[in-house]
Asks: 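Below is a structure I'd like to ask you about.
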Amino acid sequence: MSTESEINEAALNFLPKLQARQPGSSASQVNQNRLHGVGKTMELGEVENFIMTHFDEDDYSTKTKFIDIDGKLVGLDISDFSSFREVVYGLMEFQFFQERIDHESLLDYSYDWLISSYKTEGIVLLLVDYLKDRITVETKEYHFYFVVKGLAIEKPIKIGQSWVTYFSNEKIRGYYDQFRAKKPDKSYNEFYEIYKSHFDSINIHTVVKGVISRALEVARWEATLAVDVLKCFCSSYSTEKLVRMFDIDFVFAQDGISQTMFMPQTDFIEATLQTTRLHGIIPIELKNQTVEEMFSKGMNLYSLFISKKYNSDLYIETEALIRQLGNICSTANNYEKVVKSISLFEGFCVPKGSGRSKGESIIKNKVVPKVVCAVEVEVIQKLVRIFYETRDKYLHNAIRIPIRKSELNRFIAFQRVFIQKLICLNGSYQTVEQVLHFFEII
């Protein structure tokens, strides 16, 4: 790990590597047949402060960037830009930068420092000082609201660092007063129309401090995690054909409507249109009593766990399992639910390098007895056998053994209890290996 002084020194070495190029002439337009559906090309007029950026076609990262300075394009060639990026990304090893900024913004700010130093023909501040000053100025506390589709609640629910909430009439009126102070000519209806997608929906609200791009990354991470925790305790809804599992709108699947046309032979007159809804249409309604029962069954432990953020490998793995179970609950196909459920257990419980065939035996004989009470052990072990067989038939022979909804609900609930056990073990252990020793798997 480089020191800040070493990174400053390395960054200075790129100043003499900056190149100044004459901008090339614009490519001549080639006469082509007009394409339908693309509309007219917008005339932008004369372009000022031109920036030419090259992107990597594989991962869309910036390969190099040239900026117009007094009629010349100034920047680093691709190899020097790549080296500069490696130096800059070394700053992400320091907590100050980790917590406040994302990689791309850090690179953009650093490149601004490089170009600014070129313009002034001298160094005003060293790179690290420049970045710290700029990040400090641009760091703010942001309140993020993400629309949640397919959910109805009676009162706000706090999960981890986020709130599942809604906008009350009183709050909306307060926001309108702020809005009208700047735009007095706008009516309440015009104001409401702008923000109605949020005002008419459930939102997940989280507060993050940082540069806006980094704050948005963290907010999305925390919000989706909180929603996944709620899904874990709504697993019984996920097997209902008419119920649509809720989610944040930026990860929410499409409505799932498909249309098929079929006809006897080629007789179009007899053609039939069949519309099929692939997913449920009824939102999940969580009454206060239902939410209280969820907290009593362990959602309070989940919520506290994702708030604490243990600094350990075991925490990272446990959080990943929560997200996996949330994904399982959002999976419409019950056979795919089974496949993902088996993978959840095997990915954690089966040691690397051991045969996957050992998975069923490990779960039944090592995990189940230490997760559920004695009277439930045999029942859960039978479910493990049922769903291993279901998974194998479905994957290897394309055979769909009938799935009983009650059994699948019980099996998914066992996954939730398993994760809850891991949450408790996070207080005593730091690694997956230690937990595997606890279960006597290794």
Side-chain angles (χ1 to χ4, degrees), residues 1-24 48-142 208-222 309 311-313 315-316:
M1 176 177 171
S2 301
T3 65
E4 291 185 358
S5 297
E6 289 172 336
I7 290 175
N8 276 331
E9 186 177 347
L12 290 172
N13 293 331
F14 288 93
L15 279 171
K17 296 180 179 181
L18 284 167
Q19 301 177 6
R21 301 175 178 175
Q22 292 293 338
E48 297 180 355
N49 300 320
F50 179 74
I51 298 176
M52 182 177 69
T53 303
H54 292 168
F55 295 99
D56 190 313
E57 294 182 0
D58 187 36
D59 62 5
Y60 304 105
S61 62
T62 303
K63 290 173 66 176
T64 189
K65 181 162 52 176
F66 281 79
I67 296 175
D68 181 10
I69 301 176
D70 298 329
K72 293 183 178 180
L73 293 178
V74 177
L76 296 171
D77 66 22
I78 290 176
S79 61
D80 286 334
F81 187 90
S82 177
S83 299
F84 181 70
R85 179 173 54 208
E86 288 182 19
V87 170
V88 170
Y89 283 178
L91 289 170
M92 294 303 280
E93 298 289 335
F94 297 94
Q95 188 174 358
F96 177 89
F97 296 99
Q98 279 181 10
E99 293 178 346
R100 293 170 175 80
I101 195 167
D102 61 292
H103 283 79
E104 281 303 307
S105 295
L106 180 65
L107 180 59
D108 287 342
Y109 290 5
S110 299
Y111 207 68
D112 289 345
W113 167 84
L114 198 64
I115 297 299
S116 176
S117 299
Y118 174 88
K119 287 180 179 179
T120 58
E121 298 182 351
I123 305 298
V124 178
L125 285 173
L126 293 174
L127 174 63
V128 175
D129 294 329
Y130 168 89
L131 290 172
K132 285 184 176 179
D133 286 354
R134 182 168 177 181
I135 291 170
T136 299
V137 169
E138 297 193 21
T139 293
K140 295 180 176 63
E141 181 181 271
Y142 292 96
V208 180
K209 194 172 183 179
V211 172
I212 180 59
S213 53
R214 174 59 176 160
L216 177 58
E217 279 185 354
V218 174
R220 286 190 167 195
W221 182 265
E222 294 299 332
K309 304 293 181 193
N311 184 24
S312 70
D313 292 338
Y315 175 86
I316 294 171

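As a basis for the values below, the full set of heavy atoms in this structure was taken, side chains included, without hydrogen atoms, waters or symmetry mates.
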Asks: Less than 6.0 Å separating the ring centroids of F81 and F14?
Replies: no
Asks: Which heavy-atom pair separates I7 from S2 by the least distance, and what is that distance?
Replies: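 Smallest interatomic distance, heavy atoms only, reads CG1-CB, 4.0 Å.
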Asks: Quick one, V128 with F97, criterion side-chain contact (heavy atoms from CB on, under 4.5 Å). Give me CA distance, side-chain angles, the key distance, then yes/no.
Replies: CA-CA 10 Å; V128 175; F97 296 99; 4.3 Å; yes
Asks: Apply side-chain hydrogen bond (donor to acceptor under 3.5 Å, both in side chains) to S105 and D102, showing your working.
Replies: CA-CA 6 Å; S105 295; D102 61 292; 2.8 Å; yes
Asks: Identify every side-chain donor-acceptor pair in residues 85-96 under 3.5 Å, counting partners at least two apart or on other chains, and give the distances.
Replies:
from, atom 1, to, atom 2, distance (Å)
R85, NH1, T62, O, 2.5
Y89, OH, E104, OE2, 3.3
Q95, NE2, E99, OE2, 2.6

Asks: Salt bridge between E4 and K132, side-chain N to carboxylate O under 4.0 Å?
Replies: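 Here E4 pairs with K132 in a salt bridge, since their nearest N and O are under 4.0 Å apart.
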Asks: In Å, rounded to the nearest 0.5 Å, how long is the span from CG of L114 to CG of L127?
Replies: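 Reported value, rounded in 0.5 Å steps: 8.5 Å.
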Asks: Counting C-beta onward and ignoring hydrogens, is there a side-chain heavy-atom pair between K119 and I69 closer than 4.5 Å?
Replies: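 A side-chain contact exists here, since the closest heavy-atom pair is under 4.5 Å.
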Asks: State, yes or no, whether a side-chain contact exists between V211 and T139 at a heavy-atom distance under 4.5 Å.
Replies: yes
Asks: For residues D112 and R134, determine if any side-chain heavy atom of one lies less than 4.5 Å from a side-chain heavy atom of the other.
Replies: yes
Asks: When you measure from the side chain of W221 to the backbone N and O of L216, does any donor-acceptor pair fall under 3.5 Å?
Replies: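 Not a single qualifying donor-acceptor pair exists.
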Asks: When you compare the side chain of N311 with that of Y315, does any pair of heavy atoms fall below 4.5 Å?
Replies: no
Asks: Taking side chain as C-beta onward, heavy atoms only, is Q22 less than 4.5 Å from K72?
Replies: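 With C-beta onward as the side chain, the pair touches.
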Asks: For a salt bridge (Lys or Arg N to Asp or Glu O under 4.0 Å) check, start with the C-alpha distance between K65 and D108, then their side-chain angles and the critical distance, and finish with the verdict.
Replies: CA-CA 10 Å; K65 181 162 52 176; D108 287 342; 3.4 Å; yes
Asks: Ignoring hydrogens, what is the shortest heavy-atom contact between Y118 and A20? Give both atom names and the distance.
Replies: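 Taking Y118 first and A20 second, the nearest heavy atoms are OH-CB, 4.0 Å.
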Asks: Examine the side chains of D80 and S83 and answer whether a donor and an acceptor come within less than 3.5 Å of each other.
Replies: no
Asks: Answer whether the closest heavy-atom distance between the side chains of L131 and W113 falls below 4.5 Å.
Replies: no
Asks: When rounded to the nearest 0.5 angstrom, what distance separates NZ in K209 from CD in E141?
Replies: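 One gets 7.0 Å once the value is rounded to the nearest 0.5 Å.
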Asks: Does T120 use its side chain to pair, donor to acceptor, with the backbone of S116 at less than 3.5 Å?
Replies: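 Yes; judged by distance alone, with no hydrogens or angles, the pair exists.
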Asks: To the nearest 0.5 Å, tell me how far D70 CG sits from D68 CG.
Replies: 8.0 Å
Asks: Which heavy atom of A215 sits nearest a heavy atom of Y142, and at what distance?
Replies: CB-CD1, 3.9 Å
Asks: Does any N or O in the side chain of N8 come within less than 3.5 Å of the main-chain N or O of L126, such that one atom is a donor and the other an acceptor?
Replies: no
Asks: Decide yes or no for F66 and L76: does some side-chain heavy atom of the first lie under 4.5 Å from some side-chain heavy atom of the second?
Replies: no
Asks: Measuring from atom CD1 of I101 to atom CG of L106, what distance do you get when rounded to the nearest 0.5 angstrom?
Replies: 5.0 Å
Asks: Please name all residues satisfying salt bridge (charged side-chain N to carboxylate O under 4.0 Å, His left out) with K309, sequence neighbours left out, ordered by chain then number.
Replies: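 Salt bridge (charged side-chain N to carboxylate O under 4.0 Å, His left out) list for K309, sorted by chain: E222, E319.
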Asks: Taking the side chain as C-beta and beyond, is there a heavy-atom pair between D77 and T64 under 4.5 Å?
Replies: no
Asks: Between I67 and L73, does a side-chain contact (heavy atoms from CB on, under 4.5 Å) hold up when you go through it step by step?
Replies: CA-CA 5 Å; I67 296 175; L73 293 178; over 6 Å; no
Asks: At what distance, to the nearest 0.5 angstrom, does CD of E138 lie from OG of S213?
Replies: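 Between E138 CD and S213 OG, I get 9.0 Å after rounding to 0.5 Å.
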